[in-house]
Amino acid sequence: MGAEFVMLSLAPIVIGSLAAIACALPGNFLLLRRQALIGDAISHVVLPGIVLAFLVTGQVATLPMMAGAGVAALAAVAMIEAVRRLGRIEPGAAMGVTFTTMFALGVLVLERTDTSKVHLDVEHALMGNLESLIWLDGMGWHSLLDPAALAGLPPELGRLAIATAVIATLIWLFWRPLKLATFDEGFAAEVGVPVRAVGLGLVVLSALAAVAAFDAVGSIIVIAMFICPPGTARLMTDRLEMQVAWSVFFAVLSAVLGYVLAGYGPIWLGGTDAVSAAGMIATVSGMLLAAAALFGPARRRSGAGAGAA
Amino acid sequence: MIARLRLAARKGLRTGPAPVADHPMEVRGLTVSYGGKPAVFSVDASFHAGSMTAIIGPNGAGKSTFLKAALGIVPRVSGQVTAFGRPLGTARARIAYVPQRASVDWDFPARVIDVVLMGLYRKLGLLRPVTRADRGFAMDCLARVGMEGFAGRQIGQLSGGQAQRVFLARALAQRADLYLLDEPFAGVDAATERAIIEVLKGLRAEGRTVVAVHHDLATVADYFDRVLLLNVRRIAEGTLAEAFTPEALQAAYGGRLATSHLDRLATV
Amino acid sequence: MAGAWRRPISTGWPRSEMLDLGYNTMLVATGATLLGISAGVTGTFLYLRKRALVSDAISHATLPGIGLAFILMVAFGGDGRNLAGLLAGSALSAWLGLLAVQWLSRRTRLAEDAAIGAVLSVFFGFGVVLLTVIQTMEAGRQAGLDSLLLGSTAGMLRGDALLIAAGGALTLALVAILRRPMEMVAFDEAHAAAMGLNVPRVDLATMALVLAVTVVGLKIVGLILIVALLIIPPVAARFWSDRTGRVALLAGAFGGLAGMAGALVSASAPALPTGPVIVLTAFALFAVSLFFAPARGVAAKLIERRRFRERVHLRQGLLALAQGQPIYEAYTLRLLVRDGLARPDGVATQDGAGRAAKALRDERRWAEARAMPAHEAVSQRYDGLTEIETMLTPDQIADLDGRIGGPRGVA
């Protein structure tokens, strides 16, 4: 665990963990609000968002693309809401209509535009490029104290750190209204919680997490981290505070274990090439969920809840 | 939604006359529709301070809908509501509503004490920490409904009656002046029913106002002192002597209630 | 791998292997149409059971099966790109995914949506891991498996086109056989069970059909977008009818139309990928239905709600006039003035006074009728707005009037 680890693996592991935390935090509330698939819908519309940004700016730059993805995520949420309300359609179907249409539109526009000169493709949006986010200036653990070397860290790290900090702060700040509106929307409205604003805020926060994360780690991790760590955590405890703590733990565990397995697993098995880190992180998070579903102390519904559910 | 209510209430006040009295709640011309058919049609009602009012009527008479629409939980087609002589939106802190039990997520990761503490939200706001005194107060509220031994339970592990009492404790924690309850005795055991009615009578003794949707005509005279009799329209409203009469019940329940039964009820 | 999905025609397959494009196109278009019909009908039952997004988990769960099938076929010395083999693998892993969704949502406290999301992302993630393994294999360099992500029909082999046409016909035949039991379960589960249907087994059959549609549709629409064919046509069709059978038939028609349009458009303009064209055609049908369908469409609903509000306010206004009460809401007064029933200062016109007296009298008649067991059925249907003459006979009304006493004027 020396200089090579610091240069090649440290930054991807930290970035993967931050991305996982950023998604898992709002994911806890999405899960409890039965909106787990909002994360799925948002990640599907990232591609049309990038295409839109490319059409507008004519170049492949990170910030406009993230802005485009953000706009697309919000547009998707607005469209889901509109379809659901106008047509009185159940949320799942409204999501299905929305994200497939937007994704199709993105692919079609991409098809009709001359993007042959630029690297802009589905694969990148799906899988990200976690493996390539190496820290060339990281010559060893001592580089962590060297400002010049730190300046050479991949920019994704800084962006994700900020996004994660913003998400964590907002969730801490609005913990009570979020909890209240998630548990009992009617009561929350009665005691003065602006429930619709809280719901919208949560979705915006999720969009922020998805957009900040997809560029570095791809949509697969985004969807998996929205759902698997909170889901695993829910099966471990019956207290919301503990659930959120567990979800952060499982998010980091998936990211670290997944990255290590993707990079070193094939070598241990006698292979030569690493496999997709994004895919492996999602796989590990699924294994953790399966383990919790089999052995988690709070895995079963109980008492009155079993009848009501 | 609250903002919209406030707006509607303000608009209403501009065009209509000032409310007659500062009753805890005053409802005028309330109409609610489900699927193009009025569930509640042009109902007026006043809930008097320090009284216990039962909202009664046959199944499908719009009792729960009336309560929800009065609070703005379901949209109304027309009608105005004032509380304590002010538009509803500005008086909400003085009102507590206990819904029927189906409306929360029973699988939510929260304990009984967490639920009761939610009643303190208006006091605690976003970040003020929960003090020892707050916890003590929440435990007192639990004790009043006889549930102090369950503070650490996950809410999904409660029976129907226990859950109903916990939500009453949360309402007590709100320290409201007007308590609106939707079928508080539906599907609960006899012990819970007794515990709840004692708490409600205690509230009345403190000068607070209680309104409950109620379906058991046999207990109306024991539990309540006023009645709002609904069957989509308002059939009768007033004290037991004024509104809980065989004629009014006949008008509300029609052929669905045997006359002998009615006579017996009204003479209780 | 990068970019390959964008140019389906250059997946590296030698041109000599391609047969007559026109005949292939016809086969594919037929297959896509049949598939669209099956997807629309099957999707209707899925949608009515409120499980539309289960199909999303199923479709994403095909990926590891595709990857494993490729690896296995190569390991046994075959051609990894054999479509039949890939589809068999995809069906197997999709089935596992479906079982995982059901196990998570039944055996743990996780809700179905969370189970769907978990299975979808984890299976897909594992599939991507397998794809990167394949990329490192000698035979995998030109695998072109990513064309299954977004679907492509250009450059399709005759055998593949036949497979798709046959697959489409097979799913449609299955739909035709299973339509009745699925319809009964979707309409009324308890009734279906009482009629002797095994509801879990019918649900399972529905899921098997969803799976069949997904697998057959992989090559045409691609695994990311195939759910659209199962979701959008039923949602669009639902606007046009309240009857399960009709919704299913219409959804089938919409799906078939979308499938055909997609296949034909992308055949005439090879740069256009099939999947997105199919999805956008379906969406266009949905958008038209959402806004313009009679009764359930947005436009119709808006008009209806406005009319209803007017009726309620007019009626309440008339009753207030009759009882000499002030009119509280400005909107009510505006309507009364518009219809010449009241003056802007809230006083009834002559016409208004007459109508008000009639409204009040009808209220009294209904109050009387409600207390009479003989009229119970009618008075329960009464909505408070309909003229009494349309619900009771003149004799019945005269009888009520007799009980009330003589006509009373405006108070």
Side-chain angles (χ1 to χ4, degrees), chain A residues 31 34-37 39-40 44 83 86-87 89-90 92-93 95-97 100-101 103-105 107-108 110-112 119 121-124 126-127 220-221 223-224 226-228 231 234-235 262 266 271-276 278-283 285-286 289 293 296 298-301 305 309, chain C residues 1-3 5-6 47 50-53 55-56 103-104 107-111 113-133 135-136 146 149-150 224-225 227-228 230-232 234-235 238-239 271-273 275-280 283 286 290 296 298:
Chain A
L31 181 89
R34 306 276 189 275
Q35 293 180 329
L37 289 168
D40 179 34
H44 274 92
V83 166
L86 288 179
I89 293 165
E90 53 133 341
M95 273 185 224
V97 170
T100 52
T101 301
F103 192 86
L105 205 62
V107 172
L108 202 69
L110 195 55
E111 224 35 74
R112 306 299 296 156
H119 179 71
D121 59 80
V122 172
E123 192 197 345
H124 177 88
L126 279 178
M127 301 186 217
I220 304 173
I221 294 193
I223 309 177
F226 267 125
I227 298 172
C228 290
R234 179 66 193 92
L235 304 179
T272 48
D273 302 282
V275 296
S276 160
M280 195 50 110
I281 291 173
T283 308
S285 73
L289 177 64
R299 64 185 184 278
R300 294 262 162 81
R301 294 186 190 101
Chain C
M1 183 159 164
W5 62 273
R6 255 189 282 133
Y47 171 56
K50 303 207 185 328
R51 303 184 68 193
L53 280 178
S55 58
D56 203 26
W103 182 73
L104 278 175
R107 289 300 163 88
T108 76
R109 71 192 327 154
L110 295 180
D113 68 327
I116 289 171
V119 166
L120 176 161
S121 55
V122 171
F123 272 66
F124 196 72
F126 184 58
V128 167
V129 168
L130 291 177
L131 285 190
T132 50
V133 171
Q135 267 185 305
T136 66
D146 34 357
L149 285 184
L150 290 170
I224 296 179
L225 289 176
V227 289
L230 283 158
I231 295 177
I232 302 179
V235 174
R238 181 67 185 85
F239 285 104
L272 289 176
V277 175
I278 290 179
V279 176
L280 292 175
F283 180 74
F286 162 79
L290 171 69
R296 287 181 64 94
V298 170

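Every chain is numbered from 1, with letters handed out A, B, ... down the list of sequences.
- Of all the listed residues (A:A282, A:G286, A:S276), the one sharing the greatest number of non-hydrogen pairs under 4.5 Å with chain C is A:S276.
- When heavy atoms are compared at a cutoff of 4.5 Å, C:F126 approaches chain A by way of both its backbone and its side chain.
- Here C:F239 contributes atom CZ and A:L86 contributes atom CG; the two are 8.0 Å apart, rounded to the nearest 0.5 Å.
- At a 4.5 Å heavy-atom cutoff, the contact between C:D56 and chain A is made by side-chain atoms alone.
- Evaluated for a side chain to side chain contact (heavy atoms under 4.5 Å, CB included) with C:L120, the options A:I227, A:I220, A:D40 yield exactly one hit, A:D40.
- For C:A115 against C:L104, the heavy-atom pair with the smallest separation is CB-CB, 3.8 Å.
- To the nearest 0.5 Å, atom CG of residue C:L280 and atom OG1 of residue A:T100 are 9.0 Å apart.
- With chain C as partner, the option from A:V97, A:L108, A:I223, A:V83 having the largest number of non-hydrogen pairs under 4.5 angstrom is A:V97.
- Annotation: maximal heavy-atom pairing with chain C below 4.5 Å, among A:H44, A:R234, A:Q35, occurs at A:R234.
- If you measure heavy-atom distances from C:L110 to chain A, the contacts under 4.5 Å come from both the backbone and the side chain.
- Within the 4.5 angstrom heavy-atom criterion, no atom of A:A262 approaches chain C.
- In this structure, no portion of C:R238 lies under 4.5 Å from any heavy atom of chain A.
- Both the backbone and the side chain of C:Y47 come within contact range of chain A, judged by heavy atoms closer than 4.5 Å.
- Between chain A and the residues C:L290, C:V227, C:I278, C:T132, the most heavy-atom pairs under 4.5 angstrom are made by C:T132.
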C:I232/A:T101 under side-chain contact (heavy atoms from CB on, under 4.5 Å): CA gap, chis, key distance, verdict:
CA-CA 9 Å; C:I232 302 179; A:T101 301; 3.8 Å; yes

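- Only the side chain of A:L289 comes within contact range of chain C, judged by heavy atoms closer than 4.5 Å.
- What you find for C:P276 and A:V107 is that their closest heavy atoms are CG-CG1, 3.6 Å.
- Considering CD1 of C:I116 and CG of A:L37, their distance stands at 5.5 Å, rounded to 0.5 Å.
- Remark: side-chain polar atoms of C:R107 are not paired, donor with acceptor, to backbone N or O of A:A293 under 3.5 angstrom.
- Contacts between A:I89 and chain C at a heavy-atom distance below 4.5 Å involve backbone atoms as well as side-chain atoms.
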